[in-house]
Amino acid sequence: MSSSTDLKLIRMANQIATFFESQPEGDRAERVAAHLRSYWEPRMRDRLFAMMETDEADALTPLARRGAQLWRDEGRAVPARSEAQ
């Protein structure tokens, strides 16, 4: 069962994706991933990825999920801004 914090993470990811859906086609998922990587702190990232491994993240929109997957797959080698010094 998801907590209110988990639901908020899903809602935030979906809002980010909704914004990029209004942008020109092409690299929308990459732009979602870049935004998440730049602005989400490690705890948020780690929890979103954990939820994606279960059915807890089923409410992610397709674009939010694709962006998060790109971030997860590519972002491990690139620290979030909050981790970079």
Cut-off 3.5 Å, no hydrogens considered: what does the side-chain donor-acceptor table look like for residues 17-24, sequence neighbours left out?
| unit_1 | atom_1 | unit_2 | atom_2 | d |
| --- | --- | --- | --- | --- |
| Thr18 | OG1 | Asn14 | O | 2.9 |
| Ser22 | OG | Phe19 | O | 2.5 |

| Out of Met51, Met44, Arg45, which residue meets the side-chain contact (heavy atoms from CB on, under 4.5 Å) rule with Arg47? | Met51
| query | What pairs with Arg65 under side chain to side chain contact (heavy atoms under 4.5 Å, CB included), at least two apart in sequence or on another chain? | reply | Met52, Ala57, Asp58, Leu60, Gln69
| query | Looking at side-chain heavy atoms only, is the closest gap between Glu53 and Arg72 below 4.5 Å? | reply | yes
| note | For Ala33 and Trp71, the nearest pair of non-hydrogen atoms, with its separation, is CB-N, 3.9 Å
| task | Give the C-alpha distance, both sets of side-chain angles, the deciding distance and a yes or no for side-chain contact (heavy atoms from CB on, under 4.5 Å) between Arg28 and Leu63. | result | CA-CA 8 Å; Arg28 291 175 181 170; Leu63 181 57; 3.9 Å; yes
| said: Which heavy atom of Phe49 sits nearest to which heavy atom of Ala68, and what is that distance? | reply: CE2-O, 3.7 Å
| note | Sequence neighbours excluded, the answer for side-chain hydrogen bond (donor to acceptor under 3.5 Å, both in side chains) partners of Arg43 is Glu41
| task | Measure the CZ-CG distance between Arg37 and Leu70 for me, rounded to the nearest 0.5 Å. | result | 8.5 Å
| note | d(Thr61 OG1, Gln15 CD) to nearest 0.5 Å is 11.0 Å
| message | Measuring from atom OG of Ser3 to atom CG of Asp6, what distance do you get when rounded to the nearest 0.5 angstrom? | response | 3.5 Å
| request: Test side-chain contact (heavy atoms from CB on, under 4.5 Å) on Leu48 and Trp40 and set out the steps. | output: CA-CA 10 Å; Leu48 181 63; Trp40 280 33; 3.8 Å; yes
